[in-house]
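Quick notes on the structure that follows.
Below, all heavy atoms of this structure are taken into account, side chains as well, without hydrogens, waters or symmetry copies.
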Amino acid sequence: MKVLSARMADFARQLRTLLQRAGAWPARLGLRGKGGKRVLVHEILSLQVLTAALFGGLAIASLYFGGQWVLQDNYSRWALQWTEELNELAAPLYLADDSEARFRLESFVERYPEIDSVSYFAKDGSALFSVGGDDEESVEDLDGSRLDDAIEVVGDETPYLMQSGLLNPRQFEILAPVWTESMAEDDLFAFDADSAEAQAQTKLLGFVAIHLDFLIFHNRLLANIKGAVLILVILIVVLALVGRRALRRALSSISELQAPIQELAKGNLSVKFNPAEHREISDIVEALETTATALSERDARLVEMANHDSLTGLFNRRRFVEELKKESIAVMRKGHTSAVLFVDLDQFKYINDSCGHQAGDRLIRKVADELSRSVRGGDVVARFGGDEFAILVRKTTIDGAQSAANTILTNMRRMAHIEDERVFHIHCSIGIAIMDGDHLFYDDLINQADVACREAKMAGRNRSVIYAHSDEAKKRDAAGVGWVNQLRNALDEDNFELRFQPINDIHTGETTHHEVLIRLRGEDGKIIPPDAFLASAARFGMMSEIDFWIIENAARAYATYSQQISELRLSINLSANAFESDDLVQHVRQTFDAHNVDPRHIIFEITESLAIRHPPHVEQQIAAIRDMGCEFALDDFGTGYSSFSYLQKLQFDYIKIDGSFVEDMLNKPVDQKMIKLIAEIGHEAGMKTIAEYVQDVESLVKLEELGVDLAQGYFVGKPVREPRQRSTPISLGYQRVKRTRS
């Protein structure tokens, strides 16, 4: 069994070595594809062959060692059977005719191939002769220990010794003593084998040794194992060939997927997949087809989203730029002219804020439909965002572009939009830029159309303006850029200055408060009036910062001059841009707290257009500032909507009548009636009226007659660096004119 354990350990080591080398088989056997990547069919076949070889080897090892174990057990049984022949084999030791006995022995040995040799020894252990074997004469004497062991079994039930070779278990050696026993003639029937007398009559003749070698059976086992190995090898080869063919056929559907998947990866979503026979592969094909369909639908959605506005379905800015690039190439090649129209809705924010964003969205869609109907079939309409649209009019002239803009203006004027039982008439401003051989850059064209659109708004809205490529226009654009830089430096370096213009009570002549005005200190030190730079500030989105600067510095001025002037009150202008910031209320509160400004002494002026639009967020901000204690004045009343119905609804403390009504009112009775109506309605609503642009004493007296409460203008007081307190009538001339008229 020790030999069996050693062979099993050796087999285990060989098997472990085989498994370690198996990992390198794909590379050694050329089972890797292009780029050193493994081939699935080869790998499965390798694993299959390796598994078959492993289990086949285990089966052969089990057959060999199991057969060895069974044969070894049988060898032992057969060896025991040969002990029954010991009496006959021992005949040469007690037969008289030695030659006859030896002849018979040789004949006996030749009949049995498993008998390797039979050796005879004298009773002292010396070798006598041997029959069979390679060398019959080379028989060694029995050593002392074996001799003693053999003598001890004389008379035992198993009178022999049997041992097998450790290195070769198929060989056995049986050693048996040969003796004779005699009985007394007078004691035949009273013989006792255990008695001393009986032992004394036993006579040892010698020893016989039988060497058995079952090689023939072992060779038959090995022959059978070799046959099994050969059959196993044949089966493995057949299995590999058949398995390779079966696997290639089974995996051919997967191989056929390689080319369609590569096309799918390249973006070819129209690729077709061949149907598969196997359910698993068919499921994969179905999943791939579903994926391709989903990707195709997703790409279509992405293309739609990338090129179209989600609200209106029109082209978006990106797609419009692409169309503009294509048209610029066509203009360059064919020499015709085209036009870019930039359309901006007027007062859209008012509708959006007063009726909600959903109402604004409905209006935008309606405007988009109207614009699409107003242009030719080959023209392109796009939404740039918010209430801004762009139109590419192909193959047109300056007159044709102007005509297209007029058509849009006319159709928009006719369009009415109803929300919450309220009717809104939508107007728009249009800027036109001409694309010709000298002007092809799309960025410049869009900017030019945008600039022209802003000029249309500044000119009164609801009109179109063609961008002029003149030296004057270039100078104007350059000047605009220059103003931006100068205004930015003024904000960063604090180059603005404040002026204070008094507003007096017409009846008493007392200064009730001062309007805070802004001036810009130029690079040469000269003071620049606001009319020169505020338009550029609004155009380039800097008004909000300027508003915040005025609030901050007006608060500082209040902290300085309120110690000199009792009950100092300041009026601060706020543009619509200031209310677009969510930080306005917080900024006002923090600024007033930082400079100890009494909010009750501050009046904020806002324009009529902002007040009439009345957006919810503006209303909330005004209410929050009112809660602090500040008052509000409606500036430039009469230049915009001039709606007395709105005036009755507005919650203001002051109404400032625009100077256009006051400037020449002595010669215009209509202006006098308008001023009187405003004053009366203001008094009914609990508001005081302020007349702007008062230039002479006659106008001042007339305003008092018309019921105006306060006056502002150069006759009342020019803007000054520091506010002054006045508590006397404005002038003696005022009193004289007043008495004359009375």
Side-chain angles (χ1 to χ4, degrees), residues 458 476 478-504 511-562 564-565 568-578 584 587-588 591-592 595 597 601-607 633 635-636 639 656 658-660 662-663 690 692-695 710-726:
M458 294 175 63
R476 185 171 60 252
V481 176
W483 277 121
V484 171
N485 297 331
Q486 192 168 356
L487 292 174
R488 173 52 56 195
N489 293 333
L491 288 170
D492 295 339
E493 300 175 7
D494 203 23
N495 286 337
F496 287 112
E497 293 184 2
L498 294 182
R499 296 291 185 268
F500 304 90
Q501 186 174 23
I503 299 175
N504 290 8
T511 301
T512 59
H513 56 280
H514 292 77
E515 182 177 0
V516 180
L517 305 174
I518 189 172
R519 300 290 187 268
L520 175 62
R521 186 169 59 252
E523 297 178 356
D524 55 358
K526 295 182 179 180
I527 300 301
I528 302 174
D531 293 343
F533 61 83
L534 286 184
S536 296
R539 176 181 174 184
F540 294 102
M542 302 179 68
M543 279 304 302
S544 179
E545 295 180 77
I546 294 177
D547 288 329
F548 278 47
W549 186 94
I550 294 176
I551 294 172
E552 176 72 26
N553 287 270
R556 291 179 181 177
Y558 178 90
T560 300
Y561 299 116
S562 62
Q564 306 171 9
I565 303 174
L568 175 65
R569 303 174 74 238
L570 299 178
S571 181
I572 303 173
N573 286 279
L574 290 180
S575 69
N577 302 90
L584 175 62
H587 178 74
V588 171
T591 302
F592 286 1
H595 299 285
V597 177
H601 293 170
I602 301 298
I603 302 169
F604 284 106
E605 297 184 15
I606 63 175
T607 61
D635 195 13
D636 298 333
T639 59
K656 299 191 72 174
D658 188 72
S660 61
V662 180
E663 183 178 11
I690 304 173
E692 297 180 313
Y693 205 76
V694 179
Q695 304 294 326
L710 305 172
Q712 179 182 4
Y714 275 18
F715 178 76
V716 177
K718 295 181 180 182
V720 293
R721 293 180 179 274
E722 298 180 1
R724 295 191 300 267
Q725 184 174 7
R726 297 181 61 180

Answer yes or no: is there a side-chain heavy-atom contact under 4.5 Å between [X] and [Y]?
X    : Y    : result
W549 : L498 : yes
F533 : Q486 : no
E497 : R721 : yes
L584 : F548 : yes
R521 : I528 : no

Can you give me every donor-acceptor pair (side chain of residues 512-520, partner residue at least two apart or in another chain, under 3.5 Å) with its distance?
residue: T512; atom: OG1; partner: I503; partner atom: O; Å: 3.0
residue: H514; atom: NE2; partner: R724; partner atom: N; Å: 3.3
residue: H514; atom: NE2; partner: R724; partner atom: O; Å: 3.1
residue: E515; atom: OE1; partner: K656; partner atom: NZ; Å: 2.9
residue: E515; atom: OE1; partner: Q712; partner atom: NE2; Å: 2.5
residue: E515; atom: OE2; partner: N573; partner atom: ND2; Å: 2.7

Suppose we screen for side chain to side chain donor-acceptor pair (under 3.5 Å). Which residues come up paired with [X], at least two apart in sequence or across chains?
X    : answer
N489 : none
H601 : Y558, E567
R488 : E545

Can you list everything that forms a ring pair (Phe, Tyr, Trp, His ring centres under 6.0 Å) with F592? Sequence neighbours excluded, please.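 Listed in chain order: nothing, the list is empty.
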
Listing request: all salt bridge (charged side-chain N to carboxylate O under 4.0 Å, His left out) pairs with a residue in residues 550-562, at least two apart in sequence or in separate chains.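 Counting only pairs at least two positions apart or across chains, the salt bridge (charged side-chain N to carboxylate O under 4.0 Å, His left out) contacts touching residues 550-562 are E552-R556.
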
T607 and D635: side-chain donor and acceptor closer than 3.5 Å?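 Side-chain D/A pair, T607 to D635: absent.
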
Output yes when a side-chain donor or acceptor of Q501 lies under 3.5 Å from a complementary backbone atom of G717, and no otherwise.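 Checked: pair present.
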
